[in-house]
Amino acid sequence: MVSEAANAGIDRVLWTEAEIATRVADVASELAADIRRLAEPAVVVGVATGAFLFLADLVRRVDVPLAVDLVRVESYGDGTESSGRPRVTADLKVDVAGKHVVVVEDIVDTGNTVSCLIAHLQKKGALSISVCTFLDKPARRTVDFQLVGGGKFYRGFECPDSFVVGYGMDYAELYRNLPYVGVLKPEMYSKKTDN
Ligand code: PRP
């Protein structure tokens, strides 16, 4: 149960908590089946902060041995738009050289973040690089990133071109804790805030 205060600013729900759980379980099964076939170790790398809920829900349902790590990638923007120049600001702890890496994202939008991470992981000697994103917003793509070493693209849902929040995704660092995904009311971000 989400309180009225937590829901404030949400125009409509796109995916409920139950719909998310069902879809995450399906993606996890597909990922587990693929990892099971690999001869070398697998590392799942979540991109902070947005991926934290998807990462936690996903890996709990992937019942094969794997390492889990986090990276932080930041781009400068006004809160609704990313600048398109991301950089890794907190690096991995796990050595990914000679391993199969699955980058876990909450959303792939322009593709800049994933593209930056793929280059970063390639430099570190990852054997293959896959991307597993909860939401995919192809309408906004500007970067045609290439997966590496037979890596695969997994996605939970295709997202319409709206400002979505919840299930890890924020506006000005709020709404990440909503258990569903909703569209933010335009009036919430049309006025500039201090954040
Ligand atoms: C969001 C999201 C992705 C990225 C996708 O991160 O989590 O990492 O934007 O956008 P792109 O495909 O256009 O690069 P954000 O920079 O908002 O940080 P956050 O995860 O801390 O919310």
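Residues take their numbers from the sequence shown, with the count starting at 1. Both counts, for ligands and for their atoms, begin at 1 and track the order of listing.
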Query raised in the report: Which is it for I107 and ligand 1 at heavy atoms under 4.0 Å: side chain, backbone, both or neither?
Result: both
Query - Derivation of the salt bridge (charged side-chain N to carboxylate O under 4.0 Å, His left out) call for D91 and K124 - result: CA-CA 11 Å; D91 209 345; K124 287 177 175 284; 3.2 Å; yes
Query raised in the report: Can you list the atoms of ligand 1 that are under 4.0 Å from a heavy atom of T110?
Result: 11 (P), 12 (O), 13 (O), 14 (O)
Query - Any R176 heavy atom less than 4.0 Å to ligand 1 - result: yes
Query - Polar side-chain atom of R72 near backbone of A90 as donor-acceptor pair, under 3.5 Å - result: no
Query raised in the report: In terms of side-chain geometry, is the basic nitrogen of R36 or D63 positioned less than 4.0 Å from the acidic oxygen of its partner?
Result: yes
Query raised in the report: Heavy atoms only: which of R141, E105, K137 is nearest to atom 3 (C) of ligand 1?
Result: E105
Query raised in the report: So, W15 versus Y180, ring centres under 6.0 angstrom or not?
Result: no
Query raised in the report: Taking NZ, NE, NH1 and NH2 as the nitrogens, is one of them in R60 or D57 under 4.0 Å from a carboxylate oxygen of the other?
Result: yes
Report task. Considering the heavy atoms of N112, write down every atom of ligand 1 situated less than 4.0 Å from one of them. Result -> 12 (O), 14 (O)
Query raised in the report: With a 4.0 Å cut-off on heavy atoms, is A51 touching ligand 1?
Result: no
Query raised in the report: Relative to the heavy atoms of D170, which atoms of ligand 1 are at a distance of less than 4.0 Å?
Result: 22 (O)
Query raised in the report: Does P86 reach ligand 1, in the sense of a heavy atom lying below 4.0 Å from it?
Result: no
Query - Set of ring pair (Phe, Tyr, Trp, His ring centres under 6.0 Å) partners for Y167, sequence neighbours left out - result: F134
Query raised in the report: Taking non-hydrogen atoms only, is D106 closer than 4.0 angstrom to ligand 1 via side chain, backbone, both or neither?
Result: side chain
**Report entry** For D69, side-chain hydrogen bond (donor to acceptor under 3.5 Å, both in side chains) partners two or more places apart
**Finding:** none
Query raised in the report: Purely on distance, is any nitrogen or oxygen of G111 under 3.5 Å from one on ligand 1?
Result: yes
